[in-house]
Amino acid sequence: MRFALTICLLCLSFALMAQKTVVYENDAPPPFRDRIFFGGGVGFNAGNGITAIQVNPIVGYMITPKWSAGIGLEYQYVKYTNINLDDNLWGGQLFTRYNIYRMFFLMAEYDLINYTQFYLDGSESRETIDRVLLGGGISQPLGRSGAINLVALYDFSYDNTGPYGSPWVFRIFFSF
């Protein structure tokens with residue numbers, strides 16, 4: 001239960017994600033290097049016997065002015081202070097995002113996460129699960145080059161056997 005709570009809290013963590021705005025002039029796309037973007041996320045949660053830290057660097061490519069795709073790495077450290085357990089979750093992701101109308105977008109993500117499965121008899125083993133996340137969000141501009149983004153994703157491969165306590169993933173991230 002505590003592990004599921006920690007993962008849910010991590011899903012609500014703040015993330016920083018950079019994404020460029022690509023402008024086409026004379027129907028010619030900009031050079032490859034101008035279409036690449038870098039970013040990522042960080043998260044921290046503490047309280048109720050749990051400490052969790054998350055780091056999620058990404059690199060992406062603007063395929064068109066409305067469509068981007070990329071890859072990312074994920075690391076999470078979770079410490080349960082009241083039961084003296086901790087875990088290191090590692091993984092990677094593929095993602096795509098499509099702006100459908102003004103500030104609204106659709107998003108899809110495929111994740112692989114490796115985590116420790118703890119058993120009641122005190123034993124443990126490393127397991128890897130995959131997740132298929134689909135959803136959308138809204139992006140509200142902040143100044144000339146930034147935005148705050150709210151995202152809701154649903155894990156269509158969720159089966160309650162992995163480290164996550166819910167099929168829903170909610171994120172808030174900032175673009176710059």
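What you see below is based on every heavy atom in this structure, not just the backbone, and it leaves out hydrogens, waters and symmetry mates. Fair warning: this is a prediction, and the values are worked out from it, not measured in the lab. Numbering of residues begins at 1 and proceeds along the displayed sequence.
- Evaluation of the salt bridge (Lys or Arg N to Asp or Glu O under 4.0 Å) test over residues 111-121, restricted to residues two or more places apart or in two chains, returns D111-R131.
- Remark: Y119 engages S125 in a side chain to side chain donor-acceptor pair (under 3.5 Å) (not counting sequence neighbours).
- Within the 3.5 Å criterion, the main-chain N or O of M62 finds a donor-acceptor partner in the side chain of R35.
- With sequence neighbours left out, the salt bridge (Lys or Arg N to Asp or Glu O under 4.0 Å) criterion links E74 to no other residue.
- Take F32 and apply the ring pair (Phe, Tyr, Trp, His ring centres under 6.0 Å) test, not counting sequence neighbours, and it matches Y61.
- Residues passing the side chain to side chain donor-acceptor pair (under 3.5 Å) test with S157 are D155, sequence neighbours excluded.
- Here A69 pairs with I63, T96 under the side-chain contact (heavy atoms from CB on, under 4.5 Å) rule; sequence neighbours left out.
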- Message: I'd like to know whether L153 forms a side chain to side chain contact (heavy atoms under 4.5 Å, CB included) with W168, so could you lay out the CA-CA distance, the side-chain angles of the two residues, the decisive distance to 0.1 Å, and finally the verdict.
- Response: CA-CA 6 Å; L153 301 168; W168 287 100; over 6 Å; no
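- F156 meets the ring pair (Phe, Tyr, Trp, His ring centres under 6.0 Å) test with Y154; sequence neighbours excluded.
- Applying the side-chain contact (heavy atoms from CB on, under 4.5 Å) criterion to E124, with sequence neighbours excluded, gives T116, F118.
- Using a 3.5 Å distance cut-off with no hydrogens or angles, the side chains of Y115 and D87 do not pair a donor with an acceptor.
- Looking at residues two or more places apart in sequence or on another chain, you find a side-chain contact (heavy atoms from CB on, under 4.5 Å) between I100 and Y98, F104, L106.
- Taking CG of D86 as the reference point, atom OG1 of T81 lies at 11.0 Å (rounded to 0.5 Å).
- Residues passing the side-chain contact (heavy atoms from CB on, under 4.5 Å) test with V59, sequence neighbours excluded: I36, F38, I71.
- Legend: residues meeting side chain to side chain donor-acceptor pair (under 3.5 Å) with N114, ordered by chain and number and at least two apart, are R126, T128.
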